[in-house]
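In what follows, a structure is listed as structure tokens, so that the remarks can point back to it.
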Amino acid sequence: MNLLVCYDVSTLEAPGRRRLHKVAKACEAFGQRVQNSVFECTVQAVDYERLRQRLIKIIEPDEDSLRIYRLATDRERVVEVYGLDKYRDMSGPLIF
């Protein structure tokens, strides 16, 4: 399952800055950052549920926004990138 995880965490106060860091760390455990608050993840159904529950526990619903998009097909068929692309195909050889 291919996901796009986007978030906007209020950082006006210290607790928000801590939440922002926790959300990013949670996303890093399941995917890769492609923009500041956007991650692309390829997960199994069980990992999707783990990620979703972990993020829901972190965010403050009255202050933050979390969006998880389940991509209907392979990433290569639905994502167009113009400019800098931070995505790396982790399924192939990791030679840079």
Side-chain angles (χ1 to χ4, degrees):
M1 175 183 320
N2 292 302
L3 308 173
L4 189 66
V5 180
C6 311
Y7 54 88
D8 187 13
V9 176
S10 174
T11 57
L12 297 175
E13 298 180 6
R17 291 187 289 278
R18 285 191 292 273
R19 286 195 311 276
L20 178 66
H21 181 73
K22 288 180 182 180
V23 168
K25 286 297 181 190
C27 290
E28 285 174 352
F30 291 88
Q32 59 183 293
R33 184 187 304 263
V34 293
Q35 290 186 353
N36 287 338
S37 296
V38 180
F39 281 78
E40 290 184 18
C41 307
T42 301
V43 297
Q44 299 297 319
V46 66
D47 288 328
Y48 163 72
E49 190 57 33
R50 285 184 186 138
L51 173 60
R52 191 176 73 82
Q53 289 298 320
R54 188 168 166 184
L55 292 172
I56 289 170
K57 287 180 183 177
I58 296 170
I59 68 163
E60 184 61 50
D62 294 335
E63 299 178 35
D64 308 329
S65 174
L66 170 67
R67 293 175 182 262
I68 301 173
Y69 297 92
R70 287 178 275 184
L71 303 179
T73 185
D74 294 334
R75 174 196 184 274
E76 292 74 23
R77 299 177 94 185
V78 296
V79 176
E80 293 181 35
V81 178
Y82 304 97
L84 182 62
D85 186 6
K86 296 181 181 181
Y87 179 82
R88 297 291 173 250
D89 181 3
M90 302 303 269
S91 63
L94 298 177
I95 300 172
F96 298 98

Exercise. Taking it one step at a time, do R50 and V43 satisfy side-chain contact (heavy atoms from CB on, under 4.5 Å)?
Worked result: CA-CA 10 Å; R50 285 184 186 138; V43 297; over 6 Å; no

Quiz item: Does the side chain of L3 reach to within under 4.5 Å of the side chain of L51, using non-hydrogen atoms?
Solution: yes

By side-chain contact (heavy atoms from CB on, under 4.5 Å), R33 pairs with (sequence neighbours left out) Y7, A24, E28, F39

Across all chains, not counting sequence neighbours, the side-chain contact (heavy atoms from CB on, under 4.5 Å) partners of N2 are T42, L71, D74

Got L66 and V5 here, is their nearest side-chain heavy-atom distance under 4.5 Å? yes

Heavy-atom nearest pair, G31 first then C41, reads CA-SG, 3.7 Å

| Over 12 foreign heavy atoms within 6.0 Å of CZ, R67 | no

To the nearest 0.5 Å, atom CD of E13 lies from atom CD of E63 at 7.0 Å

Please list every donor-acceptor pair under 3.5 Å in which a side-chain atom of residues 52-59 meets a protein atom from a residue at least two apart or in another chain.
| residue | atom | partner | partner atom | Å |
| --- | --- | --- | --- | --- |
| R52 | NE | E49 | OE1 | 3.3 |
| R52 | NH2 | E49 | OE1 | 3.4 |
| R52 | NH2 | E49 | OE2 | 2.7 |
| Q53 | NE2 | E49 | OE2 | 3.0 |

Output for pair (C27 SG, I68 CD1), nearest 0.5 Å, gives 8.0 Å

Scanning both residues in full, the closest heavy-atom pair of E40 with L4 reads CG-CD1, 3.7 Å

